[in-house]
Amino acid sequence: MTPRWIARIGLTLCAAALALQASAQDFPSKPITMVMPYAPGGPGDVITRVFAGAMQKPLGQQIVVDNPAGASGSIGTARVARARPDGYTLLMIHVSHATNQAMYKSLPYHPVDDFEPIGRATSGPMLIAARNGFPAKNLNEFVAYAKANAPKISLAHAGVGSASHLCGLMLMNALGVKFNEIPYKGTGPALNDLLGGQVDLLCDQTSGTVPSIKAGKIQAYAAAGRARIPSLPDMPAIAEAGVQGMDINISFGLYAPKGTPKPVLDKLSAALQTAVQDPEVRSRLEGMGISAVPVELARPEALRAHLKNEIDTLGGLLVKAGVKPE
Ligand code: MLT
């Protein structure tokens with residue numbers, strides 16, 4: 001390659017970087033896409049729409065939610081990894097951003113190296129739900145029936161490494177059983193089949209299930225942890241039935257493609273911080289049994305630390321549980 005060519009390429013790259021920097025000044029000047037890589041109607045979709053709505057105000061720009069679902073969220077996540085790093089394509093995701101690295105042999109992105117963290121958004125518990133008519137009236141009957149009939153029981157989840165899969169796995173480990181697993185593109189469609197009686201069990205986040213539980217359309221046996229869920233005070237925690245080893249909490253966070261200019265990341269993080277402090281956002285989330293994070297966690301460094309912790313702890317848990325990478 002001649003020195004002239006090298007100079008030309010260098011100039012082109014500088015021009016591109018300068019263009020990105022220049023556009024950072026008047027960001028956002030067009031609608032933003034917030035990718036939620038799980039099916040519409042599920043907990044992730046509900047949460048993403050709350051934050052898309054709340055962040056429009058401080059950013060002064062429309063935010064559109066897009067749900068390219070499948071492969072435990074890795075299809076939509078890959079789309080954001082490939083997107084132009086200008087702040088107009090964002091990713092809202094949870095634990096599967098950490099577990100997918102251990103669950104997919106040829107993941108077309110790296111969860112840390114290909115993304116800029118913007119900040120954490122929510123934190124919330126999970127619960128164990130069943131279709132109406134499932135032959136157990138309470139938690140103790142559920143534990144006894146599950147231990148005696150596990151191979152006949154179907155467990156829905158949103159794909160390997162998803163929150164509902166991790167929760168289901170912890171439940172099977174804690175009871176020492178193996179249910180018949182049925183994967184979906186999200187717990188939105190899984191809940192539809194639970195409502196219809198096509199599947200028996202679903203471990204899900206409260207944001208997806210609380211309305212159906214309160215309407216008596218599905219049964220809920222327990223909070224998937226040591227503590228009860230404030231918005232479902234009469235439902236025991238699974239530890240109250242003497243079942244140990246289950247304690248799972250799901251946190252969603254917002255990311256941008258690697259290389260997104262710092263001024264743009266700062267504006268997005270500031271808008272996220274405004275959203276987590278917004279009383280309307282906080283009360284809507286509380287109504288779903290989840291919480292907006294404290295404002296100091298709606299920052300890049302807090303999400304970076306959270307992701308690292310999940311990568312260090314959960315990937316290994318799945319492999320130890322014998323879950324084979326796809
Ligand atoms: C969803 O939004 O469908 C869930 O968050 C998927 C999951 O269980 O991880």
Side-chain angles (χ1 to χ4, degrees), residues 24-38 42-66 80 86-95 97-98 115-126 163 205-208 210-211 225 227 229-233 248-257 260-310:
Q25 303 318 321
D26 56 15
F27 176 85
S29 59
K30 61 182 181 181
I32 294 168
T33 299
M34 201 179 275
V35 170
M36 159 32 64
Y38 282 95
D45 186 48
V46 171
I47 286 167
T48 305
R49 290 176 194 281
V50 168
F51 280 87
M55 290 174 68
Q56 287 183 159
K57 278 180 269 176
L59 289 167
Q61 189 53 256
Q62 193 196 1
I63 302 181
V64 181
V65 175
D66 183 20
V80 179
D86 56 8
Y88 290 100
T89 309
L90 307 175
L91 171 71
M92 181 70 89
I93 194 157
H94 59 10
V95 65
H97 195 50
F115 294 89
E116 305 282 0
I118 296 169
R120 295 178 59 184
T122 66
S123 175
M126 300 192 75
Q205 297 153 67
T206 54
S207 44
V210 164
I229 297 169
S231 58
L232 296 165
I248 184 165
N249 198 285
I250 301 301
S251 179
F252 280 84
L254 195 61
Y255 297 85
T260 301
K262 180 132 184 6
V264 171
L265 294 173
D266 292 347
K267 283 183 186 172
L268 291 165
S269 190
L272 179 63
Q273 288 157 35
T274 303
V276 297
Q277 296 174 94
D278 181 333
E280 199 195 319
V281 168
R282 298 184 75 82
S283 71
R284 281 188 68 190
L285 295 177
E286 270 148 36
M288 301 177 213
I290 59 176
S291 318
V293 297
V295 67
E296 60 275 11
L297 297 184
R299 297 180 201 284
E301 56 278 9
L303 181 55
R304 193 174 292 114
H306 182 81
L307 176 62
K308 182 177 180 326
N309 175 45
E310 290 195 327

Test log, rule side chain to side chain contact (heavy atoms under 4.5 Å, CB included), inputs Thr274 and Asp278:
CA-CA 6 Å; Thr274 303; Asp278 181 333; 5.8 Å; no

Would Met36 and Phe252 count as a side chain to side chain contact (heavy atoms under 4.5 Å, CB included) if you check the C-alpha gap in whole Å, the side-chain angles of each, and the deciding distance to 0.1 Å?
CA-CA 10 Å; Met36 159 32 64; Phe252 280 84; 3.7 Å; yes

Please assess Val50 against Met288 for the test side chain to side chain contact (heavy atoms under 4.5 Å, CB included), listing each intermediate value before the final yes or no.
CA-CA 11 Å; Val50 168; Met288 301 177 213; 4.0 Å; yes

Does the side chain to side chain contact (heavy atoms under 4.5 Å, CB included) test come out yes or no for Gln56 and Ile63, once each step is laid out?
CA-CA 6 Å; Gln56 287 183 159; Ile63 302 181; 3.7 Å; yes

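Summarising the geometry of Phe51 relative to Ala275, their closest heavy-atom pair is CD2-CB, 3.9 Å, with the distance given to 0.1 Å. Scanning all heavy atoms of the two residues, the minimum distance from Val65 to Ala52 falls at CG2-CB, 3.8 Å. For the pair Ile32 and Leu59, the tightest heavy-atom approach, listed with the atom from each and the gap, is CD1-CD1, 4.0 Å. The two atoms that bring Pro37 and Ile93 nearest to each other are CG-CD1, 3.7 Å, heavy atoms only. Residues Pro230 and Pro233 approach most closely at O-CD, 3.3 Å, considering heavy atoms. Ala163 approaches Ile248 most closely through the heavy-atom pair O-CD1, 4.1 Å.
Within the model, atoms CG of Leu90 and CD1 of Ile118 stand 5.0 Å from one another, a figure rounded to the nearest 0.5 Å. Taking CE of Met92 as the reference point, atom CZ of Arg49 lies at 12.0 Å (rounded to 0.5 Å). Put simply, CD on Glu116 and CG on Leu303 are 11.5 Å apart, with the number rounded to the nearest 0.5 Å. Ile229 CD1 to Met126 CE: the interatomic distance, rounded to the nearest 0.5 Å, is 9.5 Å. Interatomic distance, CE of Met55 versus OG of Ser269, reported as 8.0 Å (0.5 Å rounding).
One side chain, Ser29 or Tyr88, offers a donor N or O that lies under 3.5 Å from an acceptor on the other.
Remark: side-chain polar atoms of Gln277 are paired, donor with acceptor, to backbone N or O of Gln273 under 3.5 angstrom. Gln62 places no side-chain N or O within donor-acceptor distance of the main-chain N or O of Pro31, the cut-off being under 3.5 Å. With Ser231 contributing its side chain and Gly287 its backbone, the two residues share no donor-acceptor pair below 3.5 Å. The backbone N or O of Pro257 sits less than 3.5 Å from a side-chain atom of Thr260, completing a donor-acceptor pair. Remark: side-chain polar atoms of Ser251 are paired, donor with acceptor, to backbone N or O of Thr122 under 3.5 angstrom. The main-chain N or O of Gly44 is found under 3.5 Å from a side-chain atom of Thr48 such that the two form a donor-acceptor pair.
Ring geometry for Tyr255 versus His97: interplanar angle of 30 to 60°, hence tilted.
Among Thr89, Leu254, Val80, Asp66, the one residue that satisfies the side chain to side chain contact (heavy atoms under 4.5 Å, CB included) test with Met34 is Leu254.
Between Leu307 and Pro117 there is no side-chain heavy-atom pair separated by less than 4.5 Å. With contacts defined as side-chain heavy-atom distances shorter than 4.5 Å, the pair Leu297/His306 does not qualify. Counting heavy atoms from C-beta on, the side chains of Ile290 and Pro125 come closer than 4.5 Å. Side-chain atoms of Asp45 and Tyr38, non-hydrogen and from C-beta on, never get closer than 4.5 Å to each other. Side-chain atoms of Phe27 and Leu265, non-hydrogen and from C-beta on, never get closer than 4.5 Å to each other. Counting heavy atoms from C-beta outward, Val281 and Val276 have side chains that stay 4.5 Å or more apart. Annotation: side chain of Val95 is in contact with side chain of Ile250 (closest heavy-atom distance under 4.5 Å).
The number of heavy atoms from other shown groups lying within 6.0 Å of CD (Glu280) does not exceed 12. The number of heavy atoms from other shown groups lying within 6.0 Å of CZ (Arg282) is above 12.
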